[in-house]
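These values consider heavy atoms only, across backbone and side chains, with no hydrogens, waters or symmetry-generated copies.
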Amino acid sequence: MRNKQIEHCIEVLCQKGCQSVRDDIRLLEQGVVLPELSVLDDLARLKVLKELRAIMAVYGDSCPVSVPSQILRGKRGHGGNS
């Protein structure tokens with residue numbers, strides 16, 4: 001159940017878009033508890049942060065305009081509007 005919660009939170013954050021995910025990563029690194037992650041404990045939020053970093057590492061310094069929705073469902077999208 002916990003892993004499903006983590007995956008769901010990651011998906012919700014990624015749906016906000018690339019730049020928002022980068023902003024959320026910065027906030028998480030500063031210890032801010034995002035509203036989307038309020039149901040998670042500290043360890044789960046750390047896992048979300050690690051996963052978001054891994055997702056965004058694929059894109060380097062650029063944010064693609066959009067990503068097909070099937071990539072989002074594969075848990076590795078960045079949240080483009082499709």
Side-chain angles (χ1 to χ4, degrees):
M1 178 68 171
R2 180 178 162 154
N3 284 335
K4 287 187 186 262
Q5 270 188 318
I6 291 170
E7 289 175 14
H8 174 74
C9 289
I10 291 168
E11 189 170 329
V12 167
L13 291 174
C14 287
Q15 288 175 359
K16 295 188 327 184
C18 184
Q19 191 55 52
S20 290
V21 172
R22 291 188 190 282
D23 294 341
D24 289 344
I25 288 171
R26 280 190 283 280
L27 291 171
L28 288 168
E29 289 172 341
Q30 294 170 7
V32 174
V33 177
L34 302 174
E36 298 89 347
L37 306 182
S38 63
V39 299
L40 301 177
D41 62 20
D42 290 342
L43 182 58
R45 285 192 292 273
L46 181 59
K47 287 183 179 187
V48 169
L49 175 58
K50 290 172 116 177
E51 183 66 18
L52 291 176
R53 285 177 179 156
I55 290 167
M56 296 311 292
V58 172
Y59 301 106
D61 292 332
S62 67
C63 284
V65 175
S66 66
V67 171
S69 60
Q70 64 267 28
I71 293 175
L72 289 176
R73 285 192 281 280
K75 308 288 189 281
R76 293 287 181 186
H78 73 72
N81 294 328
S82 323

Quiz prompt | Point-to-point distance, once rounded to the nearest 0.5 Å, from CG of L13 to NE2 of H8 | solution = 9.5 Å
Quiz item: Residues two or more places apart in sequence or in another chain: which of them pass side chain to side chain contact (heavy atoms under 4.5 Å, CB included) with V33?
Solution: R45
Quiz item: Does a side-chain heavy-atom distance below 4.5 Å link V48 with L34?
Solution: no
Quiz item: Under a single-linkage definition using a 4.5 Å side-chain heavy-atom cutoff for Ile, Leu, Val, Met, Phe, Trp and Tyr, are V12 and V21 assigned to the same hydrophobic cluster?
Solution: no
Quiz item: Which heavy-atom pair separates E36 from C9 by the least distance, and what is that distance?
Solution: O-SG, 3.4 Å
Practice problem: Answer with yes or no whether the hydrophobic clustering places V32 together with M56; edges join I, L, V, M, F, W, Y residues whose side-chain heavy atoms lie under 4.5 Å apart. | Solution: yes
Quiz prompt | Closest contact, heavy atoms only, I55 versus C14 | solution = CD1-SG, 4.0 Å
Quiz item: With the threshold set at 4.0 Å, does a side-chain nitrogen-carboxylate oxygen contact exist between K16 and D24?
Solution: yes
Quiz item: What about V58 and I25, same hydrophobic cluster or not, with Ile/Leu/Val/Met/Phe/Trp/Tyr joined at side-chain heavy-atom distances under 4.5 Å?
Solution: yes
Quiz item: Among all residues two or more places apart in sequence or in another chain, which pass the salt bridge (charged side-chain N to carboxylate O under 4.0 Å, His left out) test with R53?
Solution: E29
Self-check item: Same apolar cluster (I L V M F W Y, side chains within < 4.5 Å links), V39/L28
Solution: yes
Self-check item: Gap separating the CG atom of D42 from the CG atom of L37, nearest 0.5 angstrom
Solution: 11.0 Å
Exercise. Hey, could you give me the CD1/NZ distance between I6 and K47, rounded to the nearest 0.5 Å?
Key: 5.0 Å
